[in-house]
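Numbering starts at 1 and runs along the sequence shown.
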Amino acid sequence: MEKTIEDPPTSAVLLDHCHFSQVIFNSVEKFYIPGGDVTCRYTFTQHFIPRQKDWIGIFRVGWKTVREYYTFMWVTLPIDLNNKSAKQQEVQFKAYYLPKDDEYYQFCYVDQDGVVRGASIPFQFRPENEEDILVVTTQGEVEEIEQHNKELCKENQELKDSCVSLQKQNSDMQAELQKKQEELETLQSINKKLELKVKEQKDYWETELLQLKEQNQKMSSENEKMGIRVDQLQAQLSTQEKEMEKLVQGDQDKTEQLEHLKKENGHLFLSLTEQRKDQKKLEQTVEEMKQNETTAMKKQQELMDENFDLSRRLSEKKMICNALQREKERLEGENDLLKRENSRLLSYMGLDFNSLPYQVPTSDEGGAGQNPGLVYGNPYSGKTTFPFQLEGPSDGICDHTLEQQQMQALCLNCPICDKIFPATEKQIFEDHVFCHSL
């Protein structure tokens, strides 16, 4: 068989599954003259819709499947199927691709699924005056031709039967097609409603998509933050793992220490009994110290009262001493003035101290010491008698001793380690002494 560049879509569909009535071939000749192009004219039925890969092939009569085509041509799709002229189409087969024998052939319309939708009446490729030629044949050829004619008659009868069956099938298909058409209209109305719903749903989805995009952006930013946080946590985790290793090591050391402490605890428990005995002795000692403390507190109070009285007397003596010091400074100033006046008068009178008719007694000869520069003596000279006698250095030593006694009375000394505690921290002192007994 001759083929074009691209093979058409075929299948192993048998004759029983073909629908020959959907495409009708028009003006098919009984024979075509070899060496010339052949035009095939055909018409689409009302409910048939052609597709892009449909094709028309030339088949030898007696074919069983669409793969047995001799040659084919692609179908040209009409622009508008609703137009009446669009229903009538034609294709032209070039003479080069046509059969060269005188067998019977027919046109068949095959869709892109490989299903035959229409078939023409048989025809031949032979010269026009072939019937007028006297053919001289032998008896064997005559018998062969008669046998061939019988086979053609048989095939013709089969085709007629097949045509009746196809016509009946066509009527059934028409009824079914009408029913399908009604269902199609119903589906179209439902489809419109669904399209409206789809449009509404699409608008809703677009709005939802925008919201999801915004949420996605937020989630992306949060994801970046979480990534940074995860890195930080991983760094913290590695640090904590190192610390955990150190803690595990420390725990092992602590376990060893705990074992050691248990052993020491056993020794300490043995010594605890002895320490409790010592504690009873210390409690007795503490009781005695409490009694001594009570006595010391009484003495301390007495010493504080005495110290207060001495402080008051000392303040009074200091005030009197300050007043006398000021009086002494005033008298010394007046004495200096009198000395200068006396010297001035002596120089004015032209007298000398050695020429006076009497000697002025000195301060070493007793009595009130006189100033040798005065004629009649210094009435303010002489030993000054105070109304009281100031205490000497011995009083300072006594005060220091009293202060030491007061400090000792105000403090608590540990009898074991000699540590000193204020009297106000009596409870701390007792706890300290008790700790020595543990």
Under 3.5 Å, is there a donor-acceptor pair between the H148 and E144 side chains? no
Count the heavy atoms of every other residue, nucleotide or ligand shown that sit under 6.0 Å from CD1 of I49, and state whether that count exceeds 12. no
More than 12 heavy atoms of other residues, nucleotides or ligands under 6.0 Å from CD of Q46: yes or no? no
Side chains of D54 and Y109 only: does a donor on one sit below 3.5 Å from an acceptor on the other? yes
Is the distance from the ring center of F107 to that of F123 below 6.0 Å? yes
Identify the heavy atoms of F429 and P415 that sit nearest to each other, and give their distance. CZ-CD, 4.4 Å
Can you check side-chain contact (heavy atoms from CB on, under 4.5 Å) on E430 and Q427, steps first, answer last? CA-CA 5 Å; E430 292 178 356; Q427 183 64 38; 3.7 Å; yes
Answer with yes or no after comparing the ring centroid distance for Y70 and F72 against a 6.0 Å cut-off, counting only values under it. no
Quick one: OG1 on T273 to CG on D278, what's the gap to the nearest 0.5 Å? 11.0 Å
Which heavy atom of Q112 sits nearest to which heavy atom of Q52, and what is that distance? OE1-N, 4.3 Å
Flag side-chain contact, heavy atom, 4.5 Å: L261 against E264: yes
Which value, rounded to the nearest 0.5 Å, describes the distance between E224 atom CD and M219 atom CE? 12.0 Å
Under the criterion side-chain contact (heavy atoms from CB on, under 4.5 Å), I'd like the reasoning laid out for V38 against Q92: C-alpha separation, chi angles, the key distance, then a yes or no. CA-CA 6 Å; V38 175; Q92 191 175 44; over 6 Å; no
What pair of heavy atoms forms the shortest contact from P122 to V61, and how long is it? CB-CG2, 3.9 Å
Contact summary for W74 and K53, nearest pair of heavy atoms: CZ3-O, 3.5 Å
Quick check for you: to the nearest 0.5 Å, what is the distance between S120 atom OG and Y105 atom OH? 13.0 Å
Evaluation steps, salt bridge (charged side-chain N to carboxylate O under 4.0 Å, His left out), between D309 and R312: CA-CA 5 Å; D309 184 56; R312 181 178 59 77; 2.6 Å; yes
Quick one, E90 and C40 - any side-chain contact, counting heavy atoms below 4.5 Å? no
Ring of F31, cation from R126 - is the NZ or CZ under 6.0 Å from the centre and inside 45° of the axis? yes
Shortest non-hydrogen pair, T45 vs Q22, comes out as OG1-O, 2.9 Å
Interatomic spacing from CD1 in I24 to CD in Q88 - rounded to 0.5 Å: 10.5 Å
Closest non-hydrogen atom pair between K94 and D37, with its separation: CA-OD1, 3.4 Å
Side chains of M173 and Q169: closer than 4.5 Å at any heavy-atom pair? yes
Are there more than 12 heavy atoms of other residues, nucleotides or ligands under 6.0 Å from atom NZ of K100? yes
About how many Å separate CD of E68 and CZ of F59, when rounded to the nearest 0.5 Å? 8.0 Å
Mark yes or no for whether S162, through its side chain, and E158, through its backbone, hold a donor-acceptor pair below 3.5 Å. no
Test side-chain contact (heavy atoms from CB on, under 4.5 Å) applied to R276 and L272, step by step: CA-CA 6 Å; R276 286 180 179 175; L272 181 61; 3.6 Å; yes
Side chain proximity check, K262 to L258, heavy atoms < 4.5 angstrom: yes
So F125 and D101, do their side chains get closer than 4.5 Å, heavy atoms only? no
Using side-chain contact (heavy atoms from CB on, under 4.5 Å), reason through K30 and Q124 one step at a time and then give a plain yes or no. CA-CA 6 Å; K30 292 181 180 181; Q124 288 180 297; over 6 Å; no
With a 3.5 Å distance limit and no angle check, can you tell me whether N322 reaches the backbone of K318 through a side-chain donor-acceptor pair? yes
For the pair Y69 and W63, evaluate ring-ring contact (aromatic ring centres under 6.0 Å, His included) and give the outcome as yes or no after the intermediate values. CA-CA 8 Å; Y69 65 90; W63 59 274; over 10 Å; no
Are the side chains of F421 and N413 in touch, meaning some heavy atoms are under 4.5 Å apart? no
State, with a plain yes or no, whether a side-chain heavy atom of V110 is found less than 4.5 Å away from one of V115. no
Does the distance from a Lys or Arg side-chain N to an Asp or Glu carboxylate O, for E334 and R330, drop under 4.0 Å? yes
Using residues 194-203 as the side-chain source, report each donor-acceptor pair under 3.5 Å to any protein atom, sequence neighbours left out, with the distance given to one decimal.
none

Show, in sequence, the C-alpha distance, side-chain angles and deciding distance for E256 and H260, and conclude whether the side chain to side chain donor-acceptor pair (under 3.5 Å) test is met. CA-CA 6 Å; E256 295 176 357; H260 181 68; over 6 Å; no
With a 4.5 Å cut-off on side-chain heavy atoms, are F93 and V91 touching? yes
Should the pair D431-K426 be classified as a salt bridge under the 4.0 Å nitrogen-to-oxygen rule? no
Taking CD in E332 as the centre, count heavy atoms belonging to other residues, nucleotides or ligands within less than 6.0 Å. Is the count above 12? yes
When rounded to the nearest 0.5 angstrom, what is the spacing between CE in M244 and CD in Q249? 14.0 Å
